[in-house]
Amino acid sequence: SRIDINSDVFVWQGYLLDGDIVPTFSVRKDEVTNYTVTPPLNANLSYNITSPSYTIPSQVSSSSAGTIHSISGVAHTPKELRKRLWGNTDISLFYNHSSNFEDLAGRVDIFANPVPAPTGKTNEYGFAVNTWNGKLTLRVNWYKSDILNDTSSLPSLYFLGYMYYAVETNAQRFKLGLTGLPQYSYANAGSGYVYQPTGSETAAQALAEQQTDVNAAFAGEAPAALYSAWHIDRNNTNDWLGPNYFDLTVPTGLTPTQNSQSKGVEYELNFQPNASWSVAINASHDTSLYTSIAANMQAFVTQENTLLQGPAGNLPFYYNGYAGYPTIRNAWINGFYSSYLLALAEQGTNLPEIRPWRFNLITNYNFSMHALRGVSIGGAYRWEDKVGIGYPVFHSTVTNSDTFDIAHPYWGPSDQHYDCWLAYERRLSRGLTWRIQLNVREVGEKPHLIPISAQPDGTVAGVRIDEGQSAQITNTFTF
């Protein structure tokens, strides 16, 4: 693929009332042109990436345009008033509004239709206080960001087309099983397309159930656009006769979309009591949530699930007696739908995998006395809040099914570390400076495991390795 981007930008910044008010306005227009090509298909529906026709085309595949605006402003305490305040105190107010978009070529929905480009907007406002003649600065910033049509990480999208194909193919197989021909009988290990009685059920009742399931499958066929987008040949009788079916291709660039919102507040405090010593403290609180997940596929998934929760879902997956998944419904739930339900349940709730609070403290001292001139020493403390690593599962009496308890996630531990460093800097010659620095991270810690995911019963499912204390020496020459 090839992407051509043409951008026009205009920026204006004012300097009003002798710099006490500084407004800024900018606008950018992007025109994006995409040239994409999909490899031709081999007979088995795999992509032929060595084909001579697999080259970037001269004809435009798609194009889009977007305009981005940004408006911001800062208002300072008037200079004459600052002179009368202790420590030449300056109180500033600021505001910023910006928008953006990203052209992601090649994203398509379940029917291979183009997916709109992601867009976003951010609003920020806050204040800053600079006092003690510049030695002490406090800044507080509130923000809110919204992203629309972002790419979702919803897994196992293959099942969306695969299950419809499985329903239709097995409906054909078990329709043939109803003919009574011996090649489709249960005794034929290569087929087995005849329902067998269970419990007190008679053979006639089993066949009647089979007929009901087959009729439901044919009545619930997918929209015609799905078969075209997934290269499904509904007249390929070879798929009806064998125990497997793989003659379909997932649309290139199949993308579920999601909308998200993030808002929070950031604090920054900088203190430099003298020329040698500096202290910086920052903290932030973030609340992030998905406002919509797979919005461009929800209607389709609902339609497919309605079909598979009915009699059509009773059809065996592959053939009667297959041990992997007893039914197509079972394959659907385990392969895709359970993960999908978890994603939907997270809509509108704070994402537990985002640590709500973070805090950092950094200090550094540069020695100026003759014996230690050029030496500096510093340290840092880092802390992050607890993080969600999984959800319990409970049985809902309303839906008569197991579901995730989103309101009570399993939490992983909070995270805290101490770091330190020692440096020496010296001028070697005119225009040449040498600096050597020793950094020690996670002081005093041993290698350990940190939980990152949990099973439904709360036991740890996955961990990452924290290497513990580590040291690094760097030499830097500046000229």
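Below, each value reflects all heavy atoms present in this structure, side chains not excepted, and no hydrogens, waters or symmetry copies. We number each residue from 1, following the sequence as shown. In this text the structure is predicted, and so the values were computed from the model without any measurement.
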Under 3.5 Å: donor-acceptor pair, side chain of [X], backbone of [Y]:
X: Thr302; Y: Gln298; result: yes
X: Thr327; Y: Asn330; result: yes
X: Arg28; Y: His69; result: no
X: Thr349; Y: Glu346; result: yes
X: Arg2; Y: Tyr35; result: no
X: Asp90; Y: Thr77; result: yes
X: Thr137; Y: Asn270; result: no
X: Asn149; Y: Thr257; result: no
X: Gln261; Y: Thr291; result: no
X: Ser51; Y: Ile49; result: no

Atom [atom1] in [X], atom [atom2] in [Y]: separation rounded to 0.5 Å?
X: Asn100; Y: Ser70; atom1: CG; atom2: OG; result: 10.0 Å
X: Met163; Y: Trp332; atom1: CE; atom2: CH2; result: 8.0 Å
X: Thr287; Y: Lys144; atom1: OG1; atom2: NZ; result: 12.0 Å
X: Ile110; Y: Leu226; atom1: CD1; atom2: CG; result: 6.0 Å
X: Ile21; Y: Ser92; atom1: CD1; atom2: OG; result: 11.5 Å
X: Ser284; Y: Asn360; atom1: OG; atom2: CG; result: 8.0 Å

Between [X] and [Y], does the ring centroid distance fall short of 6.0 Å?
X: Phe300; Y: Tyr164; answer: yes
X: Phe477; Y: Phe479; answer: no
X: Trp383; Y: Phe359; answer: no

Side chain to side chain contact (heavy atoms under 4.5 Å, CB included) assessment of Asn141 paired with Tyr267: CA-CA 7 Å; Asn141 178 53; Tyr267 306 91; over 6 Å; no
Partner residues of Arg355 under the salt bridge (Lys or Arg N to Asp or Glu O under 4.0 Å) criterion, sequence neighbours left out: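 Arg355: salt bridge (Lys or Arg N to Asp or Glu O under 4.0 Å) contacts with Glu384.
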Going by distance alone, is a donor N or O of one side chain under 3.5 Å from an acceptor N or O of the other, for [X] and [Y]?
X: Ser288; Y: Asp286; result: yes
X: Asp415; Y: His417; result: yes
X: Ser145; Y: Thr122; result: yes
X: Ser368; Y: Asn366; result: no
X: Gln309; Y: Tyr337; result: no

Check against salt bridge (Lys or Arg N to Asp or Glu O under 4.0 Å), Asp385 and Arg358: CA-CA 6 Å; Asp385 206 350; Arg358 285 179 167 82; over 6 Å; no
Is any side-chain heavy atom of [X] closer than 4.5 Å to a side-chain heavy atom of [Y]?
X: Ser278; Y: Thr363; value: no
X: Pro251; Y: Phe111; value: no
X: Thr89; Y: Trp132; value: no
X: Gln13; Y: Val22; value: yes
X: Arg139; Y: Phe94; value: yes
X: Ile389; Y: Trp411; value: no
X: Asn123; Y: Tyr95; value: yes
X: Pro392; Y: Gln455; value: no

Worked verdict on Phe394 versus Phe404 for side chain to side chain contact (heavy atoms under 4.5 Å, CB included): CA-CA 6 Å; Phe394 69 96; Phe404 293 98; over 6 Å; no
Measure across [X] and [Y] and return the closest heavy-atom pair with its distance rounded to 0.1 Å.
X: Asp419; Y: Arg441; answer: OD1-CA, 3.3 Å
X: Val265; Y: Tyr143; answer: N-CE2, 3.8 Å
X: Val11; Y: Ser26; answer: CG2-CB, 3.9 Å
X: Ser260; Y: Tyr290; answer: CB-CD2, 3.9 Å
X: Met297; Y: Pro256; answer: CE-N, 3.6 Å
X: Pro356; Y: Lys386; answer: CD-O, 3.6 Å

Between side-chain atoms of residues 431-440 and protein atoms elsewhere (two or more places apart, or another chain), which donor-acceptor pairs fall under 3.5 Å?
{"from": "Trp434", "atom 1": "NE1", "to": "Asn475", "atom 2": "OD1", "distance (Å)": "2.9"}
{"from": "Arg435", "atom 1": "NE", "to": "Gln437", "atom 2": "OE1", "distance (Å)": "3.3"}
{"from": "Arg435", "atom 1": "NH1", "to": "Glu425", "atom 2": "OE1", "distance (Å)": "3.1"}
{"from": "Arg435", "atom 1": "NH2", "to": "Gln437", "atom 2": "OE1", "distance (Å)": "2.9"}
{"from": "Gln437", "atom 1": "NE2", "to": "Asn439", "atom 2": "OD1", "distance (Å)": "3.0"}

Stepwise salt bridge (Lys or Arg N to Asp or Glu O under 4.0 Å) test for Asp20 and Arg82: CA-CA 11 Å; Asp20 291 338; Arg82 277 185 247 167; 3.7 Å; yes
Stepwise side-chain hydrogen bond (donor to acceptor under 3.5 Å, both in side chains) test for Tyr381 and Gln416: CA-CA 7 Å; Tyr381 172 72; Gln416 65 175 356; 2.6 Å; yes
Full working for side chain to side chain contact (heavy atoms under 4.5 Å, CB included) between Leu248 and Tyr158: CA-CA 10 Å; Leu248 78 166; Tyr158 179 77; 3.4 Å; yes
Plane angle bin for Phe127 and Trp142 - parallel if under 30°, tilted between 30 and 60°, otherwise perpendicular: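 If you compare the ring of Trp142 with that of Phe127, the planes turn out tilted.
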Evaluation steps, side-chain hydrogen bond (donor to acceptor under 3.5 Å, both in side chains), between Asn88 and Asn133: CA-CA 6 Å; Asn88 195 31; Asn133 297 312; 5.0 Å; no
Arg464 CZ: over 12 foreign heavy atoms closer than 6.0 Å: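 Atom CZ in Arg464 is packed in, count exceeds 12.
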More than 12 heavy atoms of other groups within 6.0 Å of Trp277 CH2: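 12 or below, so no.
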Pairing residues for Asp18 by the side chain to side chain contact (heavy atoms under 4.5 Å, CB included) criterion, not counting sequence neighbours: Lys79
Asn48 and Tyr54: CA distance, side-chain angles, deciding distance, side chain to side chain contact (heavy atoms under 4.5 Å, CB included) verdict: CA-CA 8 Å; Asn48 182 5; Tyr54 186 39; over 6 Å; no
